[in-house]
Amino acid sequence: MKKLPLIVITIFAFLIALVVFAPATLLDALVARATDDAWRLTQARGTLLQGDAALAYSHANRTVVLTPIAWKLDGAALLKGEIRFQFGETKTALGSTITARRHEIEISRLSLDLNAEVARNFLPTRAVQSLTGRISIDAPSLRISEPSILGNANARWKNAVLLINGQPLKLGEVQLTFADASAHISNQKGEIDIKGSAQNITPSSAPSGEITITPNAMTSDSTRQLLTVLGGDAPNTGNVVLRW
């Protein structure tokens, strides 16, 4: 019986050493496994306890680096059965928090500036060749659990440009608001006006929704012709309606 405390201490010390000295590439492997290789932490450096990498998104054999990211593991949370990381774009700006519990992931004070290419695979059309600009995302609190995503978030895409058939389509500033499994999108000062919404946004299923593209006073004849490439419905009004 006297040996039991020593065994417990040894196991506990081993677990601490595992966390402290485990390479950062282990976190990359965990993220890849949890997302079916869609998200990766490339060029990972440091350890599981504290490190940095490049956050990347992969789809259709194409990987896009979105933003640098750094993290620090909150050791105290482990004692409560939680895995919690503070993270941000640099080691000196770890203002965001992600906490993993048994049936839930909670993200607090999220603030990221991402390569606009992250939005490519969420578009309801495959005619877009590339996306230009940066998307800033801010979310005070998000709770992700099957079957729901609860919370609020805002995204702003400045100087938004889509490349379609080699021709740029300038959207101006695109804004997206998310609240409890629903999202709304609109823009201003673009060559076209866009307005849309999506519902039933969950961790494991595609959302339903639509985006209406409307020519405005800034829309040239070449841009009107370009809109026909996007597909979707084209009512007599000249609008294009894209649906998921």
Working to the nearest 0.5 Å, report the span between CD1 of I105 and OG1 of T99. 10.0 Å
Just so I know, are the side chains of L49 and F85 near enough to count as touching, which here means a heavy-atom distance under 4.5 Å? no
Heavy-atom closest contact (A70 atom, K91 atom, distance): CB-N, 3.6 Å
For L227 and I213, what are the C-alpha separation, side-chain angles and deciding distance, and is it a side chain to side chain contact (heavy atoms under 4.5 Å, CB included)? CA-CA 8 Å; L227 293 181; I213 301 173; 3.9 Å; yes
ILVMFWY network linking L27 to V65, side-chain heavy atoms under 4.5 angstrom: no
Ignoring hydrogens and geometry, is there a side-chain-to-backbone donor-acceptor pair from N187 to I194 under 3.5 Å? yes
Are L110 and I98 joined in one hydrophobic group, where the rule is that I, L, V, M, F, W and Y side chains link up if heavy atoms are under 4.5 Å apart? yes
Give a yes or no answer on whether the side chain of E89 reaches the backbone of D113 with a donor-acceptor pair at less than 3.5 Å. yes
Quick check for you: to the nearest 0.5 Å, what is the distance between S111 atom OG and F87 atom CZ? 9.5 Å
Under a 4.5 Å cut-off applied to non-hydrogen side-chain atoms, are R84 and T97 in contact? yes
State the CG-CD1 distance between D52 and I69, to the nearest 0.5 angstrom. 10.0 Å
Can you list the residues that meet the ring pair (Phe, Tyr, Trp, His ring centres under 6.0 Å) rule with F178, with sequence neighbours excluded? none
Close side-chain approach of S96 and Q86, heavy atoms under 4.5 Å: no
Under the criterion side chain to side chain contact (heavy atoms under 4.5 Å, CB included), I'd like the reasoning laid out for E104 against I144: C-alpha separation, chi angles, the key distance, then a yes or no. CA-CA 6 Å; E104 178 186 76; I144 305 170; over 6 Å; no
Begin from the C-alpha positions of N115 and V118 and carry the test side chain to side chain contact (heavy atoms under 4.5 Å, CB included) through to its verdict. CA-CA 6 Å; N115 185 322; V118 70; over 6 Å; no
Nearest heavy-atom approach of R134 to L66 is NH2-O, 3.2 Å
Do M218 and V174 sit in the same hydrophobic cluster, where Ile, Leu, Val, Met, Phe, Trp and Tyr count as joined when their side-chain heavy atoms come under 4.5 Å apart? no
S108 side-chain N/O to S141 backbone N/O, donor-acceptor pair under 3.5 Å: no
Quick check: do T214 and I192 have side-chain heavy atoms less than 4.5 Å from each other? no
Can you list the steps and then say if Q225 with T223 is a side-chain hydrogen bond (donor to acceptor under 3.5 Å, both in side chains)? CA-CA 5 Å; Q225 183 64 31; T223 297; over 6 Å; no
Does atom CG (N216) have a neighbourhood of more than 12 heavy atoms from anything else shown, all under 6.0 Å? yes
Would you list the atom pairs, donor with acceptor, under 3.5 Å between side chains in residues 147-167 and any protein atom, with sequence neighbours excluded?
{"from": "R156", "atom 1": "NE", "to": "E173", "atom 2": "OE2", "distance (Å)": "3.2"}
{"from": "W157", "atom 1": "NE1", "to": "T132", "atom 2": "O", "distance (Å)": "2.9"}

Distance-only polar pair, side chains of D28 and T25, donor-acceptor under 3.5 Å: no
Closest approach of P215 and R224, non-hydrogen atoms and distance? CB-NH1, 3.4 Å
Counting neighbours of CD on Q129 that are heavy atoms of other residues, nucleotides or ligands and sit closer than 6.0 Å, is the number greater than 12? yes
I83/L73 under side chain to side chain contact (heavy atoms under 4.5 Å, CB included): CA gap, chis, key distance, verdict: CA-CA 8 Å; I83 300 175; L73 179 67; 4.2 Å; yes
Within a reach of under 6.0 Å around CZ of R109, are more than 12 heavy atoms found that belong to other residues, nucleotides or ligands? yes
Please round to the nearest 0.5 Å and tell me the distance separating atom CG of D37 and atom OH of Y57. 12.0 Å
Do E191 and K170 meet the salt-bridge criterion of a basic N to acidic O distance under 4.0 Å? no
Please check if any side-chain donor atom of S186 sits under 3.5 Å from a side-chain acceptor atom of Q188, or the reverse. no
Measuring from atom CD of E106 to atom CD of E82, what distance do you get when rounded to the nearest 0.5 angstrom? 8.5 Å
Under 3.5 Å, is there a donor on one side chain and an acceptor on the other for T63 and S58? yes
S145 and H103 have their tightest heavy-atom pair at CB-O, 3.2 Å
Does the N200 side chain pair with the main chain of S208, one donor and one acceptor, at a distance under 3.5 Å? no
Single-linkage hydrophobic cluster I107~L94, side-chain heavy atoms < 4.5 angstrom: no
For the student: nearest non-hydrogen atoms of A44 and A53, plus distance: CA-CB, 3.7 Å
Interatomic spacing from OG1 in T212 to CD in E210 - rounded to 0.5 Å: 5.0 Å
